[in-house]
Amino acid sequence: MKAETKERLDGLLRDFEDLGSRLVGYPCNQDFDYSALLPFLGYVANNVGDPFHDSNFQVNTHEMEREVIDFFADVMHLPRDEAWGYVTSGGTEGNMYGLYMGREIFPDGVVYFSQDTHYSVVKILRVLKARNIMIKSQENGEIDYDDLRETIRINRDVPVIFMANIGTTMKGAIDDVSKVREILDDLAVTDSYIHADAALSGMILPFVDDPQPYGFDAGFDSVAVSGHKMIGSPLPCGVALTKAEYVARIARSIEYVGVLDTTLTGSRNALTPLMMWYALRERGFEGYREAVAGSLEVAEYAVARFNDSGIPAWRNRNSVTVVFSKPSARVVRKWQLAPYEDIAHLIAMPHVTRETVDAVVDDCLEGERGK
Ligand SMILES: *Cc1c(COP(=O)(O)O)cnc(C)c1O
């Protein structure tokens, strides 16, 4: 390696090490070790096409990818033989897949989503040219069911495509899909599709004792979960999961690559399915139960520490996202916090400890005194 190249890389690595130790504002778990997978960096692997069908491009990880999808079918309460999905480039692609599916099934449908919905959704709706209506949110970030009911009532003649937030980005709020189903039944809406954005909480709710309603048995038609959030990965990734019967509607066979073209992108990452497979296998269901329980405890500790220190803080039930009053710009930068209006949040991912929380609270207090 050229000396100058090495110098640049060493510098970047030092920056990563330093910044990584203060990553508390974004839901990215840093607690992983994929060194066993390093040899796979030496090959031109590509997961092009449908992971459930043969591909002419044989250097792939489709087999592991299918096992990842099986895991998510299980935790999302969808029988494996009725499930279809693939490993995406992240939450945005998973949301796009789900909303695309909803739009294909109900081309005239209206997409309803709350004010607290992730920014990717508005962009996706524009790309899909899907009719859509934004619904008010409650103070805690959950959708306002009265506004939803009224709005759907006025548009009762059009199919409903509901974008459910299973853990909003800013407040970790969970839309109650059983309430949404009730509203649809009450209004006698027969044509409906529910896509769930479960980027973070899709890897939390399956592991708690008393989850809010979620999963295909609760009414999901598709769901997107991130891989680089709760599972943790150096490369962004996620899964899109839906029912196999829906996918058959959009499948097109492409001769050149000998695959079934059911995914949004063509060439796809072969390493991220391998990472998710490795993490899920090594940690296992019990391992995630423990990790999630630990993170929820740290989140509860953070709420108490902030409040005891005179900084108003709270969190939604079963959420690792701790919302508190926005601190000074210096503290926001130091801890890579995501500010929004007058609030900020700390996300208790597995690498965030009680000591980390103490340090953040101390910095916030110092900032207060400095004012
Ligand atoms: C992170 C997140 C996304 C988007 O995920 P990307 O991987 O950044 O595309 C979507 N929705 C929610 C609720 C998120 O928290």
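Ligands are counted one by one from 1 in listed order, and the atoms in each one are counted from 1 as well.
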Could Arg22 and Asp363 be called an ion pair, given the rule that one side-chain N must be under 4.0 Å from one carboxylate O? no
Thinking salt bridges, do Glu150 and Arg153 make one under a 4.0 Å N-O criterion? yes
Should Asp186 and Arg149 count as an ion pair when the cut-off is N to O under 4.0 Å? yes
Using a strict cut-off of less than 4.0 Å between a Lys/Arg side-chain nitrogen and an Asp/Glu carboxylate oxygen, indicate whether Glu290 and Arg283 qualify as a salt bridge. no
Salt bridge flag under 4.0 Å for residues Asp10 and Lys6: yes
Asp210/Arg317 ion pair, N-O < 4.0 Å: yes
Would you mind listing each N/O atom of ligand 1 next to any protein N/O under 3.5 Å, plus the distance?
{"residue": "ligand 1", "atom": "5 (O)", "partner": "Gly91", "partner atom": "N", "Å": "3.4"}
{"residue": "ligand 1", "atom": "7 (O)", "partner": "Gly91", "partner atom": "N", "Å": "2.8"}
{"residue": "ligand 1", "atom": "7 (O)", "partner": "His228", "partner atom": "NE2", "Å": "3.4"}
{"residue": "ligand 1", "atom": "9 (O)", "partner": "Gly91", "partner atom": "N", "Å": "3.4"}
{"residue": "ligand 1", "atom": "9 (O)", "partner": "Thr92", "partner atom": "N", "Å": "2.8"}
{"residue": "ligand 1", "atom": "9 (O)", "partner": "Thr92", "partner atom": "OG1", "Å": "2.5"}
{"residue": "ligand 1", "atom": "11 (N)", "partner": "Asp197", "partner atom": "OD1", "Å": "3.1"}
{"residue": "ligand 1", "atom": "11 (N)", "partner": "Asp197", "partner atom": "OD2", "Å": "2.6"}
{"residue": "ligand 1", "atom": "15 (O)", "partner": "Thr169", "partner atom": "OG1", "Å": "3.3"}
{"residue": "ligand 1", "atom": "15 (O)", "partner": "Lys229", "partner atom": "NZ", "Å": "2.8"}

